[in-house]
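The structure appears below as structure tokens.
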Amino acid sequence: MGIIEKIKEIEAEMARTQKNKATEYHLGQLKAKIAKLRTQLLEPPKGSSGGGDGFEVTKFGHGRVALIGFPSVGKSTLLTMLTGTHSEAASYEFTTLTCIPGIIHYNDTKIQLLDLPGIIEGASEGKGRGRQVIAVAKSSDIVLMVLDASKSEGHRQILTKELEAVGLRLNKRPPQIYFKKKKTGGISFNSTMPLTHVDEKLCYQILHEYKIHNAEILFREDATVDDFIDVIEGNRKYMKCVYVYNKIDVIGIDDVDNLARQPNSVVISCNLRLNFDRLLAKMWEEMGLVRVYTKPQGQQPDFGDPVVLSVDRGGCSVEDFCNHIHRSLVKDVKYVLVWGISARHYPQHCGLAHALQDEDVVQVVKKKEGNEGARGRFKSHSDAPARISDRQKKAPLKQ
């Protein structure tokens with residue numbers, strides 16, 4: 001029996017098992033088995049050379065956005081209108097067969113937009129090149145899930161299920177669970193609050209399924225069984241997702257209003273070019289890019305070419321800003337002067353741990369070079385040896 005058949009058999013057993021206190025341990029074990037099998041499904045087959053017919057493209061710009069959706073929902077048209085890059089669009093499904101990149105110039109930054117082929121139900125099992133599409137989506141910063149506003153809400157649930165089956169968690173944060181494997185000592189289980197979804201016995205059974213008999217577990221929140229399995233697997237990726245409803249020109253205004261009020265949702269029309277500015281603003285907000293402008297000493301700030309930072313790509317502190325310019329700059333920094341939202345007053349003297357915000361202006365003050373050429377009695381350091389035993393004794397004044 002293959003891996004896919006085993007997964008379907010376990011899913012069928014879970015569907016016919018009643019959910020109550022007596023069966024929660026059994027269901028927890030079945031969920032752990034499915035998670036293990038899906039991880040095996042994502043691994044390349046043994047003996048393969050590694051080369052494949054994927055369509056990964058080189059990263060470019062300050063951020064990467066992937067377009068995911070069913071065939072013929074308007075992904076290629078959206079890419080063409082936002083970036084100017086031509087992507088083939090036609091009235092039949094699967095017009096796009098490979099990954100087509102484009103560049104969005106927005107707020108002095110360059111954002112790479114990827115038009116991916118449409119995915120169908122069963123993509124997580126490899127149908128319709130689904131695995132390659134989802135692998136490219138994993139490498140992006142956020143996902144734009146393009147949906148047809150005239151179709152049912154079930155499309156969104158199907159796509160979310162397919163992405164979660166391969167380890168993508170949309171609009172979720174990592175669970176606050178500390179987990180560490182040990183060599184000896186058995187299993188240590190603790191929690192900082194009452195747990196309503198799991199208990200110690202259920203965690204032991206799930207760890208036994210993974211053949212883990214020595215570990216340290218600490219729950220810092222009331223997490224579920226699925227959250228605990230995600231922490232054990234350790235290969236989950238938590239991404240932000242914006243739901244883009246296209247073709248709003250073919251439905252009523254009440255339906256458009258209901259869709260627009262849903263969380264993380266934007267309604268657009270590629271046919272009438274409606275609401276693109278709101279889509280770009282929402283995308284910018286979710287990516288959390290921080291533009292920092294440099295100011296040379298004694299000169300005006302350079303507002304032409306900002307240094308773009310983000311929490312997902314390194315961080316937004318002054319130290320990350322210095323590393324972005326040059327790796328050796330951090331050890332030469334004496335202090336920095338900051339103007340902008342993050343400063344309490346203008347300018348503010350800051351250290352390397354200061355968190356920068358969008359459109360801040362930064363001037364780096366470096367340490368002065370060594371004082372070998374210093375003269376007079378105000379030298380900052382002595383040329384004498386550090387150890388007393390290494391110093392030369394002066395000759396006595398009188399013989």
Side-chain angles (χ1 to χ4, degrees), residues 58-65 103-113 139-142 171 173-174 176 220 237-240 242 277 280-384 386:
T58 307
K59 279 194 175 184
F60 179 81
H62 304 112
R64 173 182 263 199
V65 180
I103 301 296
I104 301 173
H105 295 272
Y106 187 71
N107 285 350
D108 297 329
T109 61
K110 297 174 183 175
I111 301 171
Q112 187 180 40
L113 187 65
S139 67
S140 59
D141 296 316
I142 69 167
N171 296 327
R173 58 177 180 81
Q176 297 294 307
R220 294 193 179 96
K237 180 157 187 191
Y238 297 85
M239 297 184 66
K240 293 179 179 177
V242 178
D277 52 347
L280 291 173
K282 182 68 175 177
M283 192 168 66
W284 175 266
E285 177 190 338
E286 293 295 333
M287 293 184 76
L289 296 180
V290 174
R291 293 165 292 171
V292 180
Y293 299 98
T294 56
K295 181 186 180 301
Q297 202 163 357
Q299 300 179 29
Q300 291 294 321
D302 178 18
F303 290 114
D305 188 17
V307 176
V308 181
L309 309 172
S310 72
V311 177
D312 298 330
R313 293 194 179 193
C316 298
S317 66
V318 172
E319 184 177 359
D320 303 320
F321 167 77
C322 295
N323 286 331
H324 198 281
I325 294 174
H326 199 277
R327 288 287 178 189
S328 63
L329 182 60
V330 174
K331 60 177 179 287
D332 297 331
V333 173
K334 185 177 182 182
Y335 61 89
V336 296
L337 297 173
V338 179
W339 294 260
I341 301 173
S342 66
R344 297 181 181 177
H345 48 81
Y346 301 149
Q348 181 180 345
H349 284 60
C350 300
L352 294 175
H354 179 75
L356 298 170
Q357 295 191 28
D358 194 24
E359 294 188 311
D360 278 357
V361 176
V362 173
Q363 176 184 324
V364 178
V365 179
K366 298 173 71 174
K367 298 173 184 174
K368 291 185 178 179
E369 300 296 331
N371 293 323
E372 288 79 17
R375 294 178 295 171
R377 58 186 194 154
F378 297 109
K379 292 176 68 174
S380 61
H381 67 281
S382 173
D383 297 329

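- Taking the salt bridge (Lys or Arg N to Asp or Glu O under 4.0 Å) definition, one finds that K240 meets it with nothing, sequence neighbours left out.
- No side-chain heavy atom of M239 sits less than 4.5 Å from a side-chain heavy atom of I142.
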Please tabulate, for side-chain N and O atoms in residues 296-312, each donor-acceptor pair with protein atoms closer than 3.5 Å (sequence neighbours left out).
residue: D302; atom: OD1; partner: G304; partner atom: N; Å: 3.2
residue: S310; atom: OG; partner: R313; partner atom: N; Å: 3.2

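- The side-chain contact (heavy atoms from CB on, under 4.5 Å) search around Y238 returns R169, K172, P174, P175, D230, R236, not counting sequence neighbours.
- Counting only residues at least two apart or on different chains, the salt bridge (charged side-chain N to carboxylate O under 4.0 Å, His left out) pairs with a member in residues 290-299 are R291-D358, R291-E359.
- Closest of all the heavy-atom pairs between D141 and G63 is OD2-CA, 3.2 Å.
- The side chain to side chain donor-acceptor pair (under 3.5 Å) contacts involving residues 332-343 comprise S342-H354, S342-D360, where partners must be two or more places apart or lie in separate chains.
- For residues 314-325, the side chain to side chain donor-acceptor pair (under 3.5 Å) pairs, not counting sequence neighbours, are S317-D320.
- Under the side-chain hydrogen bond (donor to acceptor under 3.5 Å, both in side chains) criterion, N107 pairs with no residue, sequence neighbours left out.
- The distance from atom SG of C322 to atom NZ of K331, rounded to the nearest 0.5 Å, is 11.5 Å.
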List the atom pairs, donor and acceptor, that lie under 3.5 Å between side-chain atoms in residues 343-353 and the rest of the protein, sequence neighbours left out.
residue: H345; atom: ND1; partner: P347; partner atom: O; Å: 3.2
residue: Y346; atom: OH; partner: G340; partner atom: O; Å: 3.3
residue: Q348; atom: OE1; partner: R344; partner atom: N; Å: 2.7

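- Only one option out of I325, T294, V318, L356 pairs with V362 in a side-chain contact (heavy atoms from CB on, under 4.5 Å); it is L356.
- Here the side chains of Q112 and I104 are not in contact, with every heavy-atom distance at 4.5 Å or above.
- Listed by chain and number, the residues in a side-chain contact (heavy atoms from CB on, under 4.5 Å) with A355 amount to none (sequence neighbours excluded).
- Listed here is the closest heavy atom pair of M287 and V65: SD-CG2, 3.9 Å.
- Listed here is the closest heavy atom pair of I103 and K110: CG2-CB, 4.0 Å.
- Atom-to-atom distance recorded for R64:CZ and I111:CD1 is 13.5 Å, nearest 0.5 angstrom.
- Here the CD atom belonging to Q363 is positioned 5.0 Å from the CG atom belonging to L337, to the nearest 0.5 angstrom.
- Qualifying side-chain contact (heavy atoms from CB on, under 4.5 Å) partners for R173, counting only residues two or more places apart in sequence or in other chains: Q176, E221.
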